[in-house]
Structure formats: C-alpha cells, structure tokens
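Before we start, here is the structure in question, set down as structure tokens.
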Amino acid sequence: NGGTNWTNPIVVAAGRASVTVGQGNGPLVFQDKEYIAVDSFADSPYVNRAYVTWTSFQEFFQGVKPSARSPITFSSSNNGTAWGSPKEISGFSSSCSAALFGSPNECDLNQFSSPAVAPNGRVYVGFENFNTLAENQYLVVSSSNGGSSWSGPVKVDAIHDINFPQSQGRDTVTGCAFRVAAPGNVAMDPGDSTGNTVYAVWADNRNGNAAATNMNIFLGRSIDGGLTWTTFVVDNAANDQFYPWVAVGPGGRVDVGYM
C-alpha cells in the first residue's frame with residue numbers, strides 16, 4: 001500500500017557471536033554489506049525473484065590455529081518471506097593467487113558485493129577480492145539458472161587501493177577523515193535480451209599515493225556474459241573522484257554518478 005504498512009523483518013541470514021546461547025562455542029559470523037536486486041523482467045523465467053548478496057565474515061579456530069575468511073554469500077526468494085539457504089558464490093580462480101587461510105586459488109577474502117539481473121534472468125554479482133600478492137582485484141560471477149549454480153569468478157581489472165592514507169585505521173583521501181572504498185556496483189543493459197552486456201564501476205588510487213591521493217573513476221564493460229572485459233577511464237581529473245555508481249537505460253545509455 002505504497003509503504004504505509006510493512007511486514008515484520010525477515011531474517012535472511014543470521015550472524016553468530018563467538019559464544020551463542022544454546023549453541024556453545026563456535027565461529028564468529030558477521031554478515032556485512034548486504035545488497036538486493038530483483039528480477040523485474042516479464043520474459044525472465046525467474047521474474048519477481050529477489051537476490052541478496054553480502055560478505056560473511058567468519059573467524060574461528062582450526063585446532064589451536066586462528067583462522068578467518070570472508071566469502072561472498074547469496075540467498076534468493078520468490079516472495080520475500082521465505083529465503084533459500086545462504087550459499088557461498090565467490091568460488092575459485094587462478095587470479096586468487098594468495099591464500100591466507102583457505103585452499104589454493106580459493107577466493108575467500110572479499111568485500112563490497114553488488115548484484116544485478118539481466119533481462120533473460122541471468123544474475124551477475126561483482127565484488128572486490130583480496131587474495132592477491134599486491135594490488136587487489138574486481139571479480140564477477142554469474143548464474144543463469146536462478147542462483148542454483150554459479151560460474152567461477154572472472155577478473156575485471158586490478159584495483160589500486162593499497163596506497164591510501166589512513167584515518168582511524170580506515171582508507172581515506174588527502175585532507176579528509178571519512179572512509180573511502182574502491183568498488184561501486186555492477187549493472188546490466190536492460191535492452192540486451194541476451195543478458196550478455198554487463199558493466200562494473202570502481203574508483204582507485206593508481207594515479208596517486210599515500211602522500212597525495214588522486215582517485216579516478218574506471219568502468220569495465222563485457223559483451224560476452226562476463227567472460228572478457230574492457231576497461232575505460234571515466235574521469236581522471238587531477239583531484240579525487242570516488243563513490244561511483246553505474247546505471248544503464250533502456251536504450252543502452254550508460255550513466256556513472258560519483259563524488
């Protein structure tokens with residue numbers, strides 16, 4: 001009724017403290033940075049299905065050895081009331097070459113996921129990955145069967161965000177104290193019925209350093225369903241641009257907003 005009344009909140013995925021009443025000692029699970037996308041395309045086999053993605057921060061012990069991981073996780077619902085069991089989707093890739101606690105090539109250190117749905121029902125999820133020896137990276141996974149199974153992650157580009165100044169332990173830009181992060185989002189071309197045209201946007205500090213930041217905006221574009229990517233410079237003016245977000249209109253026009 002136009003937002004006048006709302007149902008009670010529904011738990012999609014529960015977190016867990018290190019000591020949970022009735023469950024004894026167990027892993028610390030913190031569900032973070034959730035985003036939602038809804039399939040609104042009438043010709044999609046999954047029309048009206050909602051998809052939520054987030055980072056599941058997990059800290060636990062393997063014997064006496066501390067361990068941690070942060071996989072990208074998703075759940076879906078056809079009515080917003082009943083949600084599927086959370087499923088990890090960040091997968092394995094040769095691009096994830098630096099294992100901290102996980103298996104070789106496991107992409108298990110991630111943050112900042114963003115889902116988007118194509119006209120044919122294909123779902124894309126972009127996120128930043130930190131299983132790297134140097135610069136971090138932006139990865140994209142996809143599902144063509146409503147989230148039942150997912151592709152392996154594909155690297156869009158390196159993200160240059162390990163050279164920021166710090167403010168209270170968080171990345172920031174020169175002369176400021178607020179937190180910045182590189183990733184923006186992914187977006188689909190609603191006019192491409194094949195579902196193969198997808199965009200990703202981010203901002204990084206490849207043209208700056210910790211003494212003088214120069215964040216610029218970059219756009220990745222794929223026309224083959226996320227298998228290969230081309231990167232474009234959106235704005236590389238000699239000052240900081242950050243917090244980008246991309247949207248695509250019905251006619252294929254691409255707009256990127258940022259500060």
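Computed from a predicted structure; not experimentally measured. Along the sequence shown, the residues carry numbers beginning at 1.
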### Query
Does Q168 CD have over 12 foreign heavy atoms under 6.0 Å away?
no
### Task
Take N78 and Y46, measure what side-chain contact (heavy atoms from CB on, under 4.5 Å) needs, and give me the verdict at the end.
CA-CA 8 Å; N78 291 326; Y46 310 105; over 6 Å; no
### Query
Do any N or O atoms from the side chain of N110 and from the backbone of C107 form a donor-acceptor pair under 3.5 angstrom?
yes
### Task
Give the cluster check for V52 versus I10: same hydrophobic cluster or not, with ILVMFWY residues linked at side-chain heavy-atom distances below 4.5 Å.
yes
### Query
Who pairs with T172 by side-chain hydrogen bond (donor to acceptor under 3.5 Å, both in side chains), at least two apart in sequence or on another chain?
none
#### Entry: Working for side-chain hydrogen bond (donor to acceptor under 3.5 Å, both in side chains), residues N216 and N207
CA-CA 8 Å; N216 298 139; N207 296 317; 2.6 Å; yes
### Message
Taking the side chain as everything from C-beta on, heavy atoms only, tell me whether W229 gets closer than 4.5 Å to V198.
### Response
yes
### Query
If every non-hydrogen atom of Q58 is compared with every non-hydrogen atom of P71, which pair is closest and at what distance?
NE2-CG, 3.9 Å
### Message
Can you confirm whether I223 is buried at CD1, in the sense that more than 12 heavy atoms of other residues, nucleotides or ligands lie under 6.0 Å from that atom?
### Response
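No, not enclosed.
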### Task
List the steps, then state whether side-chain contact (heavy atoms from CB on, under 4.5 Å) holds for V246 with L219.
CA-CA 8 Å; V246 60; L219 180 75; 4.0 Å; yes
### Task
For D43, check salt bridge (Lys or Arg N to Asp or Glu O under 4.0 Å) against everything at least two apart and list the hits.
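Here no residue qualifies.
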### Query
Are any of the side-chain heavy atoms of C96 and Q137 separated by less than 4.5 Å?
yes
### Query
Closest heavy-atom contact between A187 and A116?
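The answer is CA-CB, 4.1 Å.
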### Query
So which heavy atom on G220 is nearest to which on W202, and how close?
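Nearest heavy atoms, G220 then W202: N-CZ3, 3.6 Å.
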### side-chain contact (heavy atoms from CB on, under 4.5 Å) between Y138 and K155, intermediate numbers included
CA-CA 6 Å; Y138 200 81; K155 180 178 178 178; over 6 Å; no
### Query
To the nearest 0.5 Å, what is the distance between OG (S143) and OH (Y124)?
10.5 Å
### Message
Taking S142's backbone N and O only, do any of them form a donor-acceptor pair with S151's side chain (distance below 3.5 Å, no angle check)?
### Response
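Yes, the answer is positive, given that a donor and an acceptor are paired below the 3.5 Å cut-off.
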### Task
Would you list the pairs meeting salt bridge (Lys or Arg N to Asp or Glu O under 4.0 Å) in which at least one residue belongs to residues 80-103, sequence neighbours left out?
R69-E88
### Query
Would V156 and Y199 count as a side-chain contact (heavy atoms from CB on, under 4.5 Å) if you check the C-alpha gap in whole Å, the side-chain angles of each, and the deciding distance to 0.1 Å?
CA-CA 10 Å; V156 178; Y199 296 86; over 6 Å; no
#### Entry: side-chain hydrogen bond (donor to acceptor under 3.5 Å, both in side chains) between T197 and D192, intermediate numbers included
CA-CA 7 Å; T197 305; D192 180 4; 2.6 Å; yes
### Query
Roughly how far, to the nearest 0.5 Å, is OG1 of T53 from CD1 of I72?
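Going from CD1 on I72 over to OG1 on T53, the span is 6.5 Å.
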### Query
Minimum heavy-atom separation for Q31 to A14, with atom names?
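Distance-wise, the nearest heavy atoms are NE2-O, 3.0 Å.
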#### Entry: D32-Q111 side chain donor-acceptor pair, cut-off 3.5 Å
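A pair is found: one side chain offers a donor N or O, the other an acceptor, under 3.5 Å apart.
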### Query
Do any pairs count as a side chain to side chain donor-acceptor pair (under 3.5 Å) and have a residue in residues 173-186, sequence neighbours left out, and if so which ones?
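Of all non-adjacent pairs touching residues 173-186, those that pass side chain to side chain donor-acceptor pair (under 3.5 Å) are T174-T213.
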### Task
Please list all pairs passing the ring-ring contact (aromatic ring centres under 6.0 Å, His included) test where one or both residues lie in residues 66-110, with sequence neighbours left out.
F74-W150
### Task
With the side chain counted from C-beta on, respond yes when S97 and L133 share a heavy-atom pair under 4.5 Å apart, and no when they do not.
yes
### Distance (rounded to the nearest 0.5 Å) between S149 OG and I89 CD1
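So the gap between those two atoms works out to 11.5 Å.
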### Query
If you round to the nearest 0.5 Å, how far is OG of S75 from CD1 of I36?
10.0 Å
### Task
Would you kindly confirm whether Y51 and V141 end up in one hydrophobic cluster when ILVMFWY residues are joined by side chain heavy atoms under 4.5 Å apart?
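Yes; tracing contacts between hydrophobic side chains, which count when under 4.5 Å, links both residues.
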### Query
Are V29 and S56 close enough that some pair of their side-chain heavy atoms sits under 4.5 Å apart?
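Yes; the side chains approach each other to less than 4.5 Å.
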### Query
According to the salt bridge (Lys or Arg N to Asp or Glu O under 4.0 Å) rule, which pairs have a member within residues 200-216, sequence neighbours left out?
D157-R206, D204-R206
### Query
What distance separates N205 CG from D161 CG, expressed to the nearest 0.5 Å?
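It is 9.0 Å, given to the nearest 0.5 Å.
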### Message
Under the rule for side-chain hydrogen bond (donor to acceptor under 3.5 Å, both in side chains), what residues qualify as partners of N131, not counting sequence neighbours?
### Response
D108, N129
#### Entry: Hydrophobic cluster membership, V186 vs F218, 4.5 Å side-chain cutoff
yes
### Message
Would the distance check show the side chain of E59 and the main-chain N or O of F57 forming a donor-acceptor pair, the cut-off being under 3.5 Å?
### Response
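Not a single qualifying donor-acceptor pair exists.
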### Query
Would a distance-only check, ignoring hydrogens and angles, find a side-chain to backbone donor-acceptor pair under 3.5 Å from S77 to A82?
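Flag set: sc S77 to bb A82 pair under 3.5 Å.
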### Query
Which atom pair, heavy atoms only, marks the closest approach of S167 to A177?
OG-O, 3.3 Å
#### Entry: Sequence neighbours excluded - salt bridge (Lys or Arg N to Asp or Glu O under 4.0 Å) pairs with any residue from residues 121-149
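Listed by first then second residue: nothing to list.
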### Listed partners of F127 passing ring pair (Phe, Tyr, Trp, His ring centres under 6.0 Å), at least two apart
none
### Query
Are V233 and I159 connected in a single hydrophobic cluster, I mean Ile/Leu/Val/Met/Phe/Trp/Tyr linked by side-chain heavy atoms less than 4.5 Å apart?
yes
#### Entry: Check: L109 and L100 side chains under 4.5 Å, non-hydrogen atoms
yes
### Task
Treat each ILVMFWY residue as a node, draw an edge where side-chain heavy atoms are under 4.5 Å apart, and state whether V254 and V201 are in one component.
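The answer is yes; both residues are in one hydrophobic cluster.
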### Message
Running the 4.5 Å side-chain criterion over Ile, Leu, Val, Met, Phe, Trp and Tyr, what cluster does V180 land in, apart from itself?
### Response
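Members besides V180, by chain and number: F164, V173, F178, M215, F242, Y243, M259.
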### Message
Suppose the criterion is side chain to side chain donor-acceptor pair (under 3.5 Å): which pairs have a residue in residues 249-259, not counting sequence neighbours?
### Response
D235-Y258, R253-D255
### Task
Considering non-hydrogen atoms only, spot the tightest contact between V38 and A50 and give its length.
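Result for this residue pair: CG2-CB, 4.1 Å.
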### Query
Got a second to check how far S90's OG is from L139's CG, nearest 0.5 Å?
9.0 Å
### Contacts of S103 that satisfy side-chain hydrogen bond (donor to acceptor under 3.5 Å, both in side chains) - sequence neighbours left out
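Listed in chain order: nothing, the list is empty.
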